[in-house]
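Structure record follows, encoded as structure tokens.
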Number of protein chains: 2
Amino acid sequence: MRILLVEDDRPLSDALALSLKNANYAVDCVYTGADAMTTLSIGQTDIVVLDLGLPDTDGLNVLKSIRKKNATLPVLILTARDKVSDKISGLDAGADDYLPKPFEIDELLARLRVLERRLGTASQTIITIKNVSLDTAHHTLTIDNKTIHLPRRELMVLKALIENAGRVLSKNQLENKLYEWGEEVASNTIEVHVSHLRKKMPDNFIKTIRGVGYCISKSGE
Amino acid sequence: MRILLVEDDRPLSDALALSLKNANYAVDCVYTGADAMTTLSIGQTDIVVLDLGLPDTDGLNVLKSIRKKNATLPVLILTARDKVSDKISGLDAGADDYLPKPFEIDELLARLRVLERRLGTASQTIITIKNVSLDTAHHTLTIDNKTIHLPRRELMVLKALIENAGRVLSKNQLENKLYEWGEEVASNTIEVHVSHLRKKMPDNFIKTIRGVGYCISKSGE
DNA sequence: TATAGTTCTTAAGGTTTTCTTAAGCTTTCT
DNA sequence: AGAAAGCTTAAGAAAACCTTAAGAACTATA
């Protein structure tokens with residue numbers, strides 16, 4: 001799950017980014033509305049966390065631009081303004097949620113989970129397909145009542161595939177879910193992780209679609 | 001657009017219903033969780049506005065029942081509880097939004113609009129786990145009927161973990177529970193405390209989940 | 001206020017796990 | 001058969017975590 005964090009206050013941005021990373025999100029930080037739009041045009045963002053008090057433009061304008069191009073991308077607004085009227089205009093401009101500062105990071109995380117869940121990419125902590133269930137909080141995979149531990153990256157790959165069950169994800173898309181900017185990887189890492197995963201999972205659970213990518217079918221078969 | 005309003009306080013319910021009707025919603029009013037479920041089974045409801053303080057059951061249970069039957073029906077929670085933890089448990093139980101009382105009707109309406117738009121597209125003093133029990137009031141730890149003294153910080157770590165048994169707490173979260181503002185710590189303190197704690201506790205009582213944090217399972221194993 | 005006894009934080013070094021890379025092998029398609 | 005794509009494996013590098021010990025910072029007591 002990849003989050004675009006638009007927050008001009010560096011210390012706050014850094015702290016948030018850290019917490020988000022700890023919660024296993026990939027985070028791209030930008031500090032201006034213009035940069036936000038540029039990043040969004042690349043199309044890798046799953047959720048936007050947007051501070052309204054930006055230096056270059058009013059955050060609300062950024063929000064409106066986002067909405068013009070993408071009607072469904074989840075946007076969570078973050079702001080010091082706490083008048084009810086601000087809230088209302090934010091929500092009406094197309095935000096999916098609104099969190100007034102100061103807030104507790106745990107609440108932000110909870111609200112993000114709501115947005116994530118809504119993405120269809122059901123991201124409760126436990127995701128189940130057939131006899132396989134993945135506990136993303138405890139990093140464990142349970143198959144037929146046997147529980148094993150999964151390392152971070154393998155978990156991320158499996159999670160992405162399960163969340164998108166029925167759809168094919170290319171290696172590139174998977175890489176984008178695993179790695180942030182400037183952290184790109186230049187080898188067959190994904191293949192390796194998939195290989196490791198397969199050893200731990202039922203046969204043929206992760207299918208390869210040659211020339212396209214990987215896929216887990218919704219029914220598990 | 002048809003709203004199910006679940007609110008047991010008659011005057012409030014009447015007032016809300018009126019405002020909602022003025023805002024062009026169809027409103028079904030019920031005053032108990034049981035009635036709510038009955039109404040929902042008819043399947044005409046678009047959005048649920050749910051008060052958590054109901055006479056017959058805890059609103060959270062109603063919410064969970066709703067979620068079992070319908071994963072996507074938008075639910076907005078309304079409640080007097082305003083602790084962040086309440087919010088989080090509400091959101092995690094499947095609510096789409098959360099509005100603490102008292103609120104302004106206009107904000108409720110704005111939040112309803114968001115949901116609408118989307119439609120288009122431990123508190124006990126003594127906690128015991130297995131042979132370990134922690135008396136949070138007296139700051140003592142008892143293992144197999146032997147009482148052990150714990151230094152303050154170790155106790156805080158253990159308490160946090162035990163109170164959240166079954167959940168994984170990151171080092172960061174633990175730090176947040178231990179240190180106040182301006183008291184932040186810049187080293188591996190948590191690791192050290194955990195290390196010390198482990199010497200005093202049953203083997204494998206505190207598990208580490210690499211890349212995530214620490215966890216004590218509810219059963220102790 | 002001095003002193004002794006705890007307790008806390010840091011930091012360094014050691015251990016274990018996890019990640020990436022790269023090379024060679026296998027499958028699939030033309 | 002040959003080429004391209006994918007799979008597997010192993011090894012070194014990197015990251016995360018654990019342990020220990022030393023000194024700083026408390027606390028209690030005289």
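Note on naming: letters A, B, ... go to the chains in the order of the sequence lines (proteins, then strands), and numbering restarts at 1 for each one. Because only heavy atoms are used, hydrogens play no part in the values below, and waters and symmetry mates are left out as well, while side chains stay in.
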Lys/Arg-Asp/Glu bridge criterion (N-O < 4.0 Å) met for B:Arg111, B:Glu107: yes
Whole-Å distance separating the NZ atom of A:Lys207 from the C1' atom of C:dT28: 18 Å
Contact summary for A:Ala160 and A:Leu174, nearest pair of heavy atoms: CB-CD2, 3.8 Å
Upstream residue (5' side of DNA chain D) when A:Gly211 and B:Asn188 are each assigned their closest nucleotide: A:Gly211
Contact under 4.0 Å: B:Lys199 side-chain N or O vs D:dT19 OP1/OP2: no
B:Lys171 vs D:dC17: side-chain N/O to OP1/OP2 distance below 4.0 Å: yes
D:dA16 OP1/OP2 closer than 4.0 Å to side-chain N/O of B:Tyr214: no
Donor-acceptor pair under 3.5 Å, B:Arg210 side chain vs C:dT16 base: yes
Distance, rounded to the nearest Å, where B:Ile190 contributes CD1 and D:dT19 contributes P: 15 Å
Given DNA chain C, 5'-ward residue of the pair A:Thr189 and B:Ser187, judged by closest heavy atom: B:Ser187
Spacing between B:Arg152 atom CZ and C:dC8 atom C1', to the nearest angstrom: 10 Å
Value in whole Å for how far the P atom of C:dT7 lies from CG of B:Leu150: 10 Å
A:His193 vs C:dT18: side-chain N/O to OP1/OP2 distance below 4.0 Å: no
Atom pair distance, as rounded to whole Å: CG in B:Leu197 and C1' in D:dT19: 14 Å
Separation of atom CD in B:Glu175 from atom C1' in C:dC8, rounded to whole Å: 14 Å
Phosphate OP1/OP2 of C:dT18 contacted by A:His149 side-chain N/O (<4.0 Å): yes
Length of the line joining B:Ile148:CD1 and C:dT7:P, which is rounded to integer Å: 13 Å
N or O in side chain of A:Ser195 less than 4.0 angstrom from D:dT9 OP1/OP2: no
Distance test, side-chain N/O of B:Arg153 to OP1/OP2 of C:dT7, below 4.0 Å: no
Heavy-atom pair of closest approach, residues A:Ala137 and B:Val168: O-CG2, 3.4 Å
Length of the CD-C1' vector between A:Glu191 and D:dA4, whole Å: 12 Å
Ionic contact status for B:Asp203 with B:Lys130, cut-off 4.0 Å: no
Heavy atoms of other groups near A:Arg198 CZ, more than 12 under 6.0 Å: yes
Touch class at under 4.0 angstrom, heavy-atom based, for A:Val192 against every strand present: base
